[in-house]
Asker: 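My questions will all concern the structure given below.
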Protein chains: 2
Amino acid sequence: MDPRETQWLTVEQQRIWRAYIMGSQLLQDRLDRDLRVEHGISLTEYEILVRLSEIPERRMRMALLADSVCHSRSRVTHTVARMESAGWLRREEAADDGRGVDAVMTAAGGTLLEQAAHTHVEGVRRNLVDLVGDDDFEALGRVMNTVSDRLLAGRTPAADIR
Amino acid sequence: MDPRETQWLTVEQQRIWRAYIMGSQLLQDRLDRDLRVEHGISLTEYEILVRLSEIPERRMRMALLADSVCHSRSRVTHTVARMESAGWLRREEAADDGRGVDAVMTAAGGTLLEQAAHTHVEGVRRNLVDLVGDDDFEALGRVMNTVSDRLLAGRTPAADIR
DNA sequence: GGCGAATCGTTGAACGTTCAACTGTCGGCG
DNA sequence: CGCCGACAGTTGAACGTTCAACGATTCGCC
């Protein structure tokens, strides 16, 4: 794409984009801070516990965990290491694959999640869900789903469709 | 608020919230990466240049800069320090207030911004604006404006309305 | 069955952000 | 004027993330 022909955003589009940037920044910060202050856990760590809790065995392979929270494997390794020394989960070798490692939620992790979930959901409601109309909220879902699909496509397979 | 009475999200609300978390994560990462790869500048730094460029004098007080990009003052201090040693801006004492410091965009910063803006706007279009209908995009604007307003209220003044 | 490529996860250093403490300047009130 | 509290910005260390390189295991193919 020739940079000389870039189609700029209209004033209105720019206004919306700014609102998005600012709102998502503020929302993320607020949710993270609330969890830290009230439960000593970051939003990142919280999301990992959520993923584990959704599986009956409360166990997941590192790579899958990384994909499901959209973080690099390295990042998940570090995060899980911290969470392990906090006692919220432990690592176990995967049964079937000698390379693999499972993260397994502990009872302490379960208890923490149960408490933190209240804070988190109340924050999401108070600062987003309960503030907007159903139609707008559904539109948000459509938009963000489209964005995800666009950015997830061209990941592992052939990549850059541009 | 009694944690025992938390009203959980419906399955549909949860689905939308997940899409939001994932989409905003992916979008931010992509925009940041594109700027870094093509111009050696982070999204954070880019936004600071944008703010400066919107003022005729291309100069802004540190505190105002911090507020306008929604970052802590400390963060802006560090970011500006890095940008200063890259030559994209310089610091000058504020004329009227002995405590104040202005960040002033340099010619090099202006040139960089001019180039990086193409990359950025094309990314925003390709991964968001051009993918969704006008109505949905406007809904996104309404939603994120509401969120911003909610989170900006109760900042400096009396705070926590809850 | 054995070789090379791909996958899994980790490591440690570089980088960026947060946090609490701090210096210096301003504003208001006695 | 002089003091005290608020404000502007910085500092350095702690913390969290990214990046590139790595060792180990598995897969695919001949």
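Proteins get letters first, then strands, A, B, ... in listed order; numbering begins at 1 in each.
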Asker: For nucleotides 17-21 of chain C, give me every protein contact, N/O to N/O, under 3.5 Å, one pair per line with atom names.
Answerer:
{"unit_1": "dT17(C)", "atom_1": "OP1", "unit_2": "Arg75(B)", "atom_2": "NE", "d": "3.4"}
{"unit_1": "dT17(C)", "atom_1": "OP1", "unit_2": "Arg75(B)", "atom_2": "NH2", "d": "2.8"}
{"unit_1": "dT17(C)", "atom_1": "OP2", "unit_2": "Arg82(B)", "atom_2": "NH2", "d": "3.3"}
{"unit_1": "dT18(C)", "atom_1": "O4", "unit_2": "His78(B)", "atom_2": "NE2", "d": "3.1"}
{"unit_1": "dC19(C)", "atom_1": "OP2", "unit_2": "Arg33(A)", "atom_2": "NH1", "d": "3.4"}
{"unit_1": "dC19(C)", "atom_1": "N4", "unit_2": "Ser74(B)", "atom_2": "OG", "d": "2.4"}

Asker: Is the shortest distance from a Lys or Arg side-chain nitrogen in Asp29(B) or Arg33(B) to a carboxylate oxygen in the other one below 4.0 Å?
Answerer: no
Asker: Verify whether one side chain among Thr119(B) and His39(B) offers a donor that lies under 3.5 Å from an acceptor in the other.
Answerer: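 Present: a donor and an acceptor within the cut-off.
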Asker: Under a 4.0 Å heavy-atom cut-off, which of residues 58-66 of chain B touch DNA chain C?
Answerer: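 Those residues: none at all.
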Asker: Would you compute the distance between atom CG of Leu128(B) and atom CZ of Arg150(A) and round it to the nearest 0.5 angstrom?
Answerer: 11.0 Å
Asker: What is the minimum heavy-atom distance between Leu49(B) and Trp88(B), and which atoms define it?
Answerer: CD2-O, 4.2 Å
Asker: Return the value, rounded to whole Å, for the distance between atom CZ of Arg73(B) and atom P of dA8(D).
Answerer: 5 Å
Asker: Nearest-Å distance, CD1 (Ile41(A)) to C1' (dG16(D))?
Answerer: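 It works out to 15 Å between those atoms.
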Asker: Check whether any side-chain N or O of Arg125(A) sits under 3.5 Å from a backbone N or O of Trp8(B) as a donor-acceptor pair, and report yes or no.
Answerer: yes
Asker: Between Arg30(A) and Asp34(A), does at least one N-O distance fall below 4.0 Å, as a salt bridge requires?
Answerer: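 Judged by the 4.0 Å cut-off on N to carboxylate O distance, Arg30(A) and Asp34(A) do form a salt bridge.
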Asker: At their closest point, which heavy atom of Ser148(A) faces which heavy atom of Met22(B), and how far apart are they?
Answerer: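 Where Ser148(A) meets Met22(B) most closely, the heavy atoms are OG-CG, 3.7 Å.
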Asker: Between the side chains of Arg18(B) and Glu54(A), is the shortest nitrogen-to-carboxylate-oxygen separation below 4.0 Å, so that they form an ion pair?
Answerer: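 Here Glu54(A) pairs with Arg18(B) in a salt bridge, since their nearest N and O are under 4.0 Å apart.
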Asker: Below 4.0 angstrom, which residues in residues 83-101 of chain B have at least one non-hydrogen atom near DNA chain C?
Answerer: Asp97(B), Gly98(B), Arg99(B)
Asker: Hey, is CG on Asp96(A) packed in by over 12 heavy atoms from elsewhere, all under 6.0 Å?
Answerer: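 For Asp96(A), atom CG is crowded (more than 12 foreign heavy atoms under 6.0 Å).
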Asker: Tell me whether Met62(A) shares a hydrophobic cluster with Val104(A), the cluster being built from Ile, Leu, Val, Met, Phe, Trp, Tyr side chains joined at under 4.5 Å.
Answerer: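 No, because Met62(A) and Val104(A) fall into different hydrophobic clusters, even though each may have its own neighbours under 4.5 Å.
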